[in-house]
Amino acid sequence: SFTMNMYLFVYDLMQFCGHSWIFTNMIIRFMTFGKDSLADTFYSIGLVMRLCQLLSVLEILHILIGIDKSRLLPRFLQITERIIVLFVVINSQEEIQGKYVVCVLFFLWNLLDVVRYTYNMLARMGIYYLPLTWLNFSLCIPLYPLSVLAKGFAICVSLPYFESFGTYSIKLPFPFTFSIYFPYVLKMYLLVLFTGMCFIIRNLFSERMAHLGTGNIKNKRS
């Protein structure tokens, strides 16, 4: 309906503004301060990044209620990956926030999202530019695996701090005889992360074929 389409357009616009601000801020800071800007990336843009990622949870709801026709599982995996790495790993360990991997991760996320939300906004209005369509469904194929590698590296770097500080590790009181050692949980999640990457990459290729096939390109040109 027109109302739902307008709601989705406003949502995409809000995300576009947030990620564009982050992306522009990162570039300007790097051009101004050079490598010194990388260490405090999280402190300068972390709040807006967290707000944008929390807002992205709505995309799962959009699919569940049927106003977004995207596939649920790939989108769910992509959103939860970011939420876990950003809020559980990076936000909880101050020592990780100054690492260069955080800057790399934020750069990859925002580059992908600026393109994606620009494409979505125009698509809501029935506007399809072939170069933007190609970029939206092609750029994610090489950049998504890079972002997964950066997530995995961030988790590996954080493990010594979770081991030292015991963050999120729980020792259950009597009569329970087991405890939850959070570094082990993160190590198991690494397997889930890279297994999910294979599934999502396959989905990205299928989406690219569906939108950039010869017949679809001709229809969008006409």
Side-chain angles (χ1 to χ4, degrees), residues 1 4-5 7-16 18-20 23 49 52-86 104-155 188-222:
S1 67
M4 288 296 99
N5 201 52
Y7 161 75
L8 290 174
F9 176 83
V10 172
Y11 168 80
D12 291 330
L13 177 61
M14 291 174 61
Q15 288 283 36
F16 169 78
H19 288 289
S20 296
F23 191 68
M49 192 70 201
C52 287
Q53 296 309 314
L54 285 176
L55 191 62
S56 70
V57 177
L58 289 175
E59 296 179 26
I60 299 174
L61 179 62
H62 297 164
I63 299 173
L64 288 174
I65 65 178
I67 62 176
D68 187 340
K69 302 304 179 183
S70 302
R71 296 181 63 188
L72 176 61
L73 184 56
R75 196 74 198 113
F76 174 80
L77 289 175
Q78 289 176 294
I79 291 173
T80 53
E81 285 172 8
R82 293 190 181 188
I83 294 292
I84 291 172
V85 172
L86 179 59
V104 173
L105 201 53
F106 283 9
F107 180 84
L108 293 172
W109 285 355
N110 286 281
L111 178 57
L112 287 170
D113 285 339
V114 167
V115 173
R116 183 165 70 91
Y117 288 115
T118 302
Y119 171 82
N120 287 347
M121 281 193 301
L122 295 178
R124 308 291 180 200
M125 298 185 292
I127 301 173
Y128 297 92
Y129 290 113
L130 183 56
L132 180 60
T133 302
W134 183 91
L135 191 64
N136 181 62
F137 291 101
S138 300
L139 188 65
C140 55
I141 292 175
L143 292 192
Y144 174 72
L146 290 177
S147 72
V148 172
L149 290 175
K151 293 171 194 173
F153 184 75
I155 291 174
M188 289 188 291
Y189 180 69
L190 282 173
L191 296 176
V192 176
L193 186 65
F194 285 100
T195 302
M197 179 185 70
C198 299
F199 171 74
I200 292 174
I201 289 176
R202 186 174 64 179
N203 182 72
L204 293 175
F205 272 106
S206 64
E207 284 186 345
R208 187 179 189 278
M209 181 61 66
H211 288 83
L212 296 178
T214 305
N216 287 317
I217 290 178
K218 288 181 179 178
N219 291 334
K220 288 177 181 178
R221 280 177 174 174
S222 61

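Values below: every heavy atom of this structure, side chains too, minus hydrogens, waters and symmetry copies.
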Margin query: Give me the atom names and distance for the closest heavy-atom approach of Gln78 to Ile200.
Written below: CG-CD1, 3.6 Å
Check: Does the side chain of Trp109 come within less than 4.5 Å of Lys151's, by heavy atoms?
Finding: yes
Notebook entry, point to check: How many angstroms lie between atom CD1 of Ile83 and atom OG of Ser56, to the nearest 0.5 angstrom?
Noted result: 5.0 Å
Checklist line | Nearest-0.5 Å distance that lies between atom OG in Ser147 and atom CG in Leu111 | finding: 11.0 Å
Note to self: Rounded to the nearest 0.5 Å, what separates atom CG in Leu13 from atom OG in Ser20?
What the structure shows: 9.5 Å
Notebook entry, point to check: Are Glu59 and Arg116 close enough, and set up right, to give a salt bridge (charged side-chain N to carboxylate O under 4.0 Å, His left out), and what steps lead you there?
Noted result: CA-CA 13 Å; Glu59 296 179 26; Arg116 183 165 70 91; 3.4 Å; yes
Next item on the list: Work out which heavy atom in Ser138 is nearest to a heavy atom in Arg208; give both atom names and the distance.
Entry: OG-NE, 2.8 Å
Item checked: Gap between atom CG of Leu135 and atom OH of Tyr129 - 0.5 Å precision -> 15.0 Å
Item checked: For Thr80 against Leu77, the heavy-atom pair lying closest together -> OG1-O, 3.1 Å
Next item on the list: Count the heavy atoms of every other residue, nucleotide or ligand shown that sit under 6.0 Å from CZ of Phe153, and state whether that count exceeds 12.
Entry: no
Item checked: Aromatic ring pairing Tyr117/Tyr11, orientation class (parallel under 30°, perpendicular over 60°, tilted between) -> perpendicular
Notebook entry, point to check: How many angstroms lie between atom CG of Asp68 and atom CZ of Arg75, to the nearest 0.5 angstrom?
Noted result: 9.0 Å
Note to self: Within this structure, what is the CG-CG distance for the pair Asn203 and Leu73, rounded to the nearest 0.5 Å?
What the structure shows: 8.5 Å
Margin query: Within the structure provided, determine whether Met209 and Phe205 are in side-chain contact (heavy-atom separation under 4.5 Å).
Written below: no
Next item on the list: Begin with the C-alpha distance, continue with both residues' side-chain angles, and end with the deciding distance and a verdict on ring pair (Phe, Tyr, Trp, His ring centres under 6.0 Å) for Phe137 and Tyr119.
Entry: CA-CA 10 Å; Phe137 291 101; Tyr119 171 82; 5.3 Å; yes
Check: Gln53 and Asp113: which non-hydrogen atoms are nearest, and at how many Å?
Finding: NE2-OD2, 4.3 Å
Next item on the list: May I ask you to test the Leu193-Val85 pair for a side-chain heavy-atom distance under 4.5 Å?
Entry: no
Margin query: Is there a side-chain contact between His62 and Tyr7 in this structure, where contact means two heavy atoms from C-beta onward sitting under 4.5 Å apart?
Written below: yes
Checklist line | Smallest separation among heavy atoms of Leu112 and Tyr144, with atom names | finding: CD1-N, 4.4 Å
Notebook entry, point to check: Only one of Phe107, Phe16, Phe106 clears ring-ring contact (aromatic ring centres under 6.0 Å, His included) with Phe23; which?
Noted result: Phe107
Notebook entry, point to check: Taking Met121 as the fixed residue, which of Leu8, Val10, Ile127, Asp12 is the one that meets the side chain to side chain contact (heavy atoms under 4.5 Å, CB included) rule?
Noted result: Asp12
Checklist line | Residue Phe199 excluded, over 12 heavy atoms near CZ under 6.0 Å | finding: yes
Notebook entry, point to check: Can you find a heavy atom in the side chain of Cys52 that is under 4.5 Å from one in the side chain of His19?
Noted result: yes
Next item on the list: Write down the atom of Leu105, the atom of Ala150, and the distance for their closest heavy-atom approach.
Entry: CD1-CB, 3.5 Å
Checklist line | Close side-chain approach of Leu143 to Leu146, heavy-atom, < 4.5 Å | finding: yes
